[in-house]
Amino acid sequence: MNMGLIWRMRYEDEENLTPSWGNMLHLHGSGLYAQKNSRIQEEEEEEEEAHASKKTHILTTTLSSAAPDGLESVVINLDHGDPTMYEEFWKQKGEETTVVTSSWQHISYFSDVNNVCWFLEPGLVSAITALHRTVGNAVTEGRHIVVGTGSSQLYQAALYALSPVDGPGPMNVVSAAPFYSSYPLMTDYLKSELHKWAGDAYKFNKEEPYIELVTSPNNPDGFTRQDVVKGDKGILIHDLAYYWPQYTPILSPADYDIMLFTVSKSTGHAGSRIGWAVVKDREIAKKMTTFIEINTIGVSKESQIRAAKILQAVSDGCIHHNRKEAETNFFDYSYKLMAERWKRIREAVNKTTLFSLPSFPQETCSFSGRTFGQLPAFAWLKCEGEIDDCESFLRRHKVITRSGKHFGASMKYVRVSMLSRESEFKLLTERLPAIKT
């Protein structure tokens, strides 16, 4: 087969290189096939491949004729941390993680009226506590679990719970740069009088109450974090979305007042929109529950039950990890995949002087016994030399990333997702060393 293709790229938003939905790219083994959506729906010889194809958001293509430089025109969109690399593992699980519900089930708003979080499914509580106990990454005994529609809703619920209604002004919210790019947006989205984004924690020096967000491992750069502001009027929220053994060595169970987790990055099930908070103080947990009650009147039971099934399967797989069923250990599989991807992207970057990546100290993981450095879900890539706007530079080479400016950092940096499907990641590692100024 002639692998050369001419790719006609069409965008709804030229500035953001947003792909249109008219056509999608098919990635089949050693070949690349472009088909229109209508044909995908009509001619699905292999249902799973077509399903994955229709969900691919990286580019829009039309097959017109052969050309030797076709792949150079493919847009690789790695702006979002869409965890599609986990699909292959979960395809193997089949019925083990399949949930079937009848139309009469889960009609009520209520799950457990005796729980602080009355819409939290008991099965999800059991699965969450079992997984944390197995991995050893968080203390849950004597704590309150609050479920949310992703950790984003829980973040907003925590701000609501921690901001006094009778304060002299909005509560300052800070995080050390580079910070998660959505923090400022979510904090100020509703222009609440309860709280306001106050920027980089390293620069905060006001003698006023504040909430500090500590993301560890950090998004976007992957480093382990501690709180930065040393004042006596602060309250901490710990975002531990990436404190799992495929991304970082587990050193000890986290034991903080408010800890946020999500299935999006722990198991890759971003579409289920399930996150949970582990909260020490009962009154704070009640206020967080009140926010979610007002905001969405609870959280989807179907999503909770699906998440519970998946988290329990992960825990069960860990129990068998020393037996023949080693391939059932999700964290072992995910660690090896992340380690292999980081090896490949470092090799690609080392072939050019245009880019660099951070290095991480090695530590021993109490869960796996392995000694390794961080394997972040994102690569914090720096453009070297005279390239001052790394995002724009890579965009010209059809690699879509997120600029450091959105994280309170220099525009010489970009965040690159490491969690895409293999086809996209392979294109990235081939393109980076081929880029010229």
For F407, is the CZ atom crowded, meaning more than 12 foreign heavy atoms sit under 6.0 Å from it?
yes
Should V173 and L159 count as side-chain neighbours, where that means a heavy-atom distance under 4.5 Å?
yes
Minimum side-chain heavy-atom gap D388-F393 below 4.5 Å:
no
Under a 4.5 Å cut-off applied to non-hydrogen side-chain atoms, are L194 and Y160 in contact?
yes
Could you walk me through whether E391 and R395 satisfy the salt bridge (charged side-chain N to carboxylate O under 4.0 Å, His left out) test, starting with their C-alpha distance in whole Å, then the side-chain angles of each, then the deciding distance to 0.1 Å, before giving a yes or no?
CA-CA 6 Å; E391 180 189 29; R395 184 184 296 271; 3.4 Å; yes
With sequence neighbours excluded, give me every side chain to side chain donor-acceptor pair (under 3.5 Å) pair touching residues 342-360.
E340-R344, K343-E347, R344-E422, S356-E384
Between M85 and M338, is any pair of side-chain heavy atoms under 4.5 Å apart?
yes
Not counting sequence neighbours, list each pair that qualifies as a salt bridge (charged side-chain N to carboxylate O under 4.0 Å, His left out) and has a residue in residues 249-263.
R143-D255, D255-K280, D257-K280
Is R421 salt-bridged to E87, going by a charged N under 4.0 Å from an acidic O?
yes
Can you find a pair of side-chain heavy atoms, one from E212 and one from I237, that are under 4.5 Å apart?
no
Do R133 and E141 pass the side chain to side chain contact (heavy atoms under 4.5 Å, CB included) test, and can you show the C-alpha distance, the side-chain angles, and the key distance before you say yes or no?
CA-CA 9 Å; R133 186 168 55 251; E141 185 177 356; over 6 Å; no
Please tell me if the side chains of N295 and Q153 come closer than 4.5 Å, counting only heavy atoms from C-beta onward.
yes
Mind checking whether S108 and K301 have side chains closer than 4.5 Å, heavy atoms only?
yes
Check whether NZ of the Lys or CZ of the Arg R341 lies under 6.0 Å from the centre of the six-membered ring of F425 and within 45 degrees of that ring's axis.
yes
Aromatic plane relationship, F179 with W197 - under 30° parallel, 30 to 60° tilted, over 60° perpendicular:
perpendicular
For a quick check under 3.5 Å, do T371 and Q362 share a side-chain donor-acceptor pair by atom type?
no
Heavy atoms only: give me the nearest W380-A409 pair and the separation to one decimal.
CZ2-CB, 3.8 Å
Check each of F367, F89, Y86 against F331 using the ring pair (Phe, Tyr, Trp, His ring centres under 6.0 Å) test, and report the only one that passes.
F367
